[in-house]
Student: 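Input: one structure, supplied below.
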Amino acid sequence: MESLDPRVNRMKIGGFDGELHKEAMDQLGTYEVFLIPKDGKPLESVGPVHASDAEMAFVFAKEAFSRRFECVAMAVCPTASIFPSPVSEADISAYDLVTIPAETEGENRQYEVFHMNKRGKFHKHVGSVEAIGDIDALYKGKDEYGVDKPKNVWVVPTGDFHFNAEEDSDLWATLPEKKYRDAIFYKAGEKIQRYKESVNS
Amino acid sequence: MYGGGNVFEPMKVKELIDEDPVLLKEFEARIDRGEKIEPTDWMPELYRKQLIRMIEQHAHSEIIGALPEGTWITRAPGFKRKMALMAKVQDEVGHAQLLYSAAETLGKPREKMIDDLINGKSKYSNIFNYPAFTWADSCFISWLVDAGAIVNQLANAKGSYGPYVRALDRICKEESFHLKYGHDCVATLAAGSKQQREWMQDAINRWWAPMMMFFGPSDKISVHSEVLIKWKVKMASNDAMREQYLDMYVPKILELGFTIPDPNLRRNEEEGKWEITEPDWDEFKRVINGDGPCNKERLAVRRVAEERGRWVREAINRKSENYIVPLA
């Protein structure tokens with residue numbers, strides 16, 4: 001049948017013959033996204049985006065994760081920059097599952113430490129440590145924050161994050177202008193009332 | 001948005017008895033304790049394959065589901081409705097992005113999932129193979145198809161796989177806007193002119209039968225393995241979800257003075273469940289296998305997007321340079 005979508009007809013998009021295959025890796029790299037929902041809350045992981053570079057990852061992340069909900073700051077890092085601990089459960093700390101020895105050589109640099117406190121939850125920022133390598137950073141994290149007994153730990157070199165400058169936090173100030181995106185904007189009850197009154201009159 | 005009409009047909013995977021019994025026992029004990037499974041955990045091959053299939057079908061449904069509504073953006077009545085529908089369609093496509101990432105953590109590359117979609121190898125929610133004739137059809141989708149998807153997604157959000165649960169956590173929060181928006185659209189038509197009421201009633205008449213198929217075949221004829229329920233891959237039976245939907249939405253439709261085109265629809269108070277005309281499961285199978293009114297058009301639109309977007313990907317893609325599977 002002719003399409004009900006006038007654009008499909010104008011563009012003559014019909015059926016198709018044959019196969020159309022995507023090549024392996026016909027997709028973009030992965031970045032993990034973190035945001036601060038409100039002042040005073042920790043930076044928390046919200047999910048991944050696929051992008052060509054960190055700048056674009058930030059743009060996509062802003063669209064994907066903060067177009068509706070509150071946000072005051074956002075950071076992205078390449079997935080490859082994250083060094084994860086093993087995953088534990090119950091009252092076992094993920095730090096206790098790290099058994100490989102720490103690096104013995106390397107330049108000291110700053111790492112950000114994230115904890116997943118329960119399986120299935122998002123990782124939250126707990127603080128930073130100075131370390132000479134990824135594994136060393138896990139041990140330093142344990143010394144500093146191990147008392148929380150997280151179920152998974154991520155350590156990320158601070159320099160690998162791409163984040164907004166503090167004065168750019170007004171990037172998210174447009175949310176109140178988009179009330180049509182909010183559930184509370186819609187008051188079906190008034191219309192239902194109007195319908196019922198019209199039936200009764 | 002997504003239906004429970006996903007297909008759990010038998011798959012060619014390693015038999016469960018061939019899995020390491022110690023690891024399998026630990027895996028099941030973990031789920032029994034209410035703990036989530038994370039991507040680096042050991043998992044049976046059947047669990048991995050079924051989850052990939054389910055999350056992938058969910059992602060495709062978000063993409064394809066945006067098409068019948070997307071066609072109405074330019075013709076939505078008024079500026080606010082256009083803005084709201086655009087926001088909704090953007091949400092659905094955003095949901096697909098989250099879901100593809102969750103499926104990727106199980107080992108299927110994203111481009112392979114899209115390849116399977118555009119070559120007709122993957123399924124998606126069957127209801128999107130039906131056409132949206134008028135603005136009222138778009139309102140039906142926004143309210144009553146999304147409502148069905150929410151019943152399904154809230155159930156799945158209690159499932160056992162961490163990345164899927166995290167994605168659904170976000171998705172369910174956004175769906176509340178869709179539901180309110182859709183209800184408002186339908187209520188507006190209900191409180192409108194005689195013509196507007198007729199449009200809405202016609203849309204309900206067109207979509208009711210596909211909507212009853214949305215949750216998938218009845219438990220009597222559907223072969224979903226008990227092990228998927230035990231592993232918290234499938235969280236509620238198709239019939240249970242259909243019942244919940246009817247409980248919640250039949251009164252709301254009737255409240256607006258519309259009728260439901262099923263003479264056998266009634267609530268059997270003694271048995272505490274709904275009686276409906278048995279959906280045409282042959283039609284369901286025919287449509288899900290590619291022979292519905294809009295299957296070809298839906299895939300053709302996706303293929304055009306794929307082909308026309310190729311130069312953009314080629315221009316910016318540095319291939320595997322910075323690709324690794326998402327962590328969580």
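Residue numbering restarts at 1 for every chain, and letters A, B, ... go by the order of the sequence lines.
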Student: What's the spacing between B/Asp115 CG and A/Glu23 CD if we round to 0.5 Å?
Tutor: 10.5 Å

Student: Mind ranking A/Lys178, A/Glu190, A/Lys121 by heavy-atom pairs under 4.5 Å with chain B and telling me who comes out on top?
Tutor: A/Lys121

Student: Of the backbone (N, CA, C, O) and the side chain (C-beta and beyond), which part of B/Val304 lies under 4.5 Å from a heavy atom of chain A, both, or neither?
Tutor: side chain

Student: In terms of heavy-atom proximity below 4.5 Å to chain B, should A/Phe60 be classed as side chain, backbone, both, or neither?
Tutor: neither

Student: In terms of heavy-atom pairs under 4.5 Å with chain A, which of B/Arg75, B/Met86, B/Arg81 leads?
Tutor: B/Arg75

Student: How long is the gap from CH2 on B/Trp72 to CG on A/Leu4, to the nearest 0.5 Å?
Tutor: 8.5 Å

Student: Salt bridge or not for A/Lys196 and B/Glu255, using N-O below 4.0 Å?
Tutor: yes

Student: So which part of B/Gln97 gets closer than 4.5 Å to some heavy atom of chain A, the side chain, the backbone, both or neither?
Tutor: neither

Student: Could you measure the distance from the CG atom of A/Asp53 to the CD1 atom of B/Ile316? Nearest 0.5 Å is fine.
Tutor: 8.0 Å

Student: Kindly compute the distance separating OG1 (A/Thr30) from CD (B/Glu104), expressed to the nearest 0.5 Å.
Tutor: 7.5 Å

Student: Quick one: do A/Asp26 and B/Arg313 make a salt bridge, cutoff under 4.0 Å?
Tutor: yes

Student: Say you draw a straight line from NE2 of A/His21 to CD of B/Glu306; how long is it, rounded to the nearest 0.5 Å?
Tutor: 11.5 Å

Student: Can you name the residues that form a salt bridge (charged side-chain N to carboxylate O under 4.0 Å, His left out) with A/Arg181, not counting sequence neighbours?
Tutor: none

Student: Can you tell which part of A/Met56 gets under 4.5 Å to a heavy atom of chain B, answering side chain, backbone, both or neither?
Tutor: neither

Student: Is any side-chain N of the basic residue among B/Asp116 and A/Lys22 closer than 4.0 Å to the acidic one's carboxylate O?
Tutor: no

Student: What residue, out of B/Leu67, B/Val165, B/Val325, B/Leu256, has the most heavy-atom pairs lying under 4.5 Å from chain A?
Tutor: B/Leu256

Student: Crowded around A/Asp143 CG? As in, over 12 foreign heavy atoms under 6.0 Å?
Tutor: yes

Student: side-chain contact (heavy atoms from CB on, under 4.5 Å) for B/Met83 and A/Tyr180? Distances and angles first, verdict last.
Tutor: CA-CA 7 Å; B/Met83 295 300 280; A/Tyr180 58 85; 3.2 Å; yes

Student: Can you tell me which of A/His123, A/Glu89, A/Arg194 forms the most heavy-atom pairs within a distance under 4.5 Å of chain B?
Tutor: A/Glu89

Student: With respect to chain A, which residue among B/Lys36, B/Glu111, B/Glu174 yields the maximal number of heavy-atom pairs within a distance under 4.5 Å?
Tutor: B/Glu111

Student: Among B/Leu98, B/Val301, B/Asp184, who wins on heavy-atom pairs under 4.5 Å with chain A?
Tutor: B/Asp184

Student: With the threshold set at 4.0 Å, does a side-chain nitrogen-carboxylate oxygen contact exist between B/Arg303 and A/Glu19?
Tutor: no

Student: Parallel, tilted or perpendicular: which one describes the rings of A/Tyr186 and B/Phe177, with boundaries at 30° and 60°?
Tutor: tilted

Student: Rounded to the nearest 0.5 Å, what separates atom CG in A/Asp5 from atom OG1 in B/Thr74?
Tutor: 7.5 Å

Student: With the threshold set at 4.0 Å, does a side-chain nitrogen-carboxylate oxygen contact exist between A/Arg67 and B/Asp91?
Tutor: yes

Student: Could you tell me which portion of A/Val46 (side chain, backbone, both or neither) has an atom closer than 4.5 angstrom to a non-hydrogen atom of chain B?
Tutor: both

Student: Heavy-atom pairs under 4.5 Å with chain A are the metric here; pick the option from B/Arg310, B/Lys80, B/Lys180 that has the most.
Tutor: B/Lys180

Student: Under 4.5 Å, counting heavy-atom pairs only, tell me which of B/Gly94, B/Pro326, B/Gly162 racks up the most with chain A.
Tutor: B/Pro326

Student: Of the backbone (N, CA, C, O) and the side chain (C-beta and beyond), which part of B/Lys112 lies under 4.5 Å from a heavy atom of chain A, both, or neither?
Tutor: neither

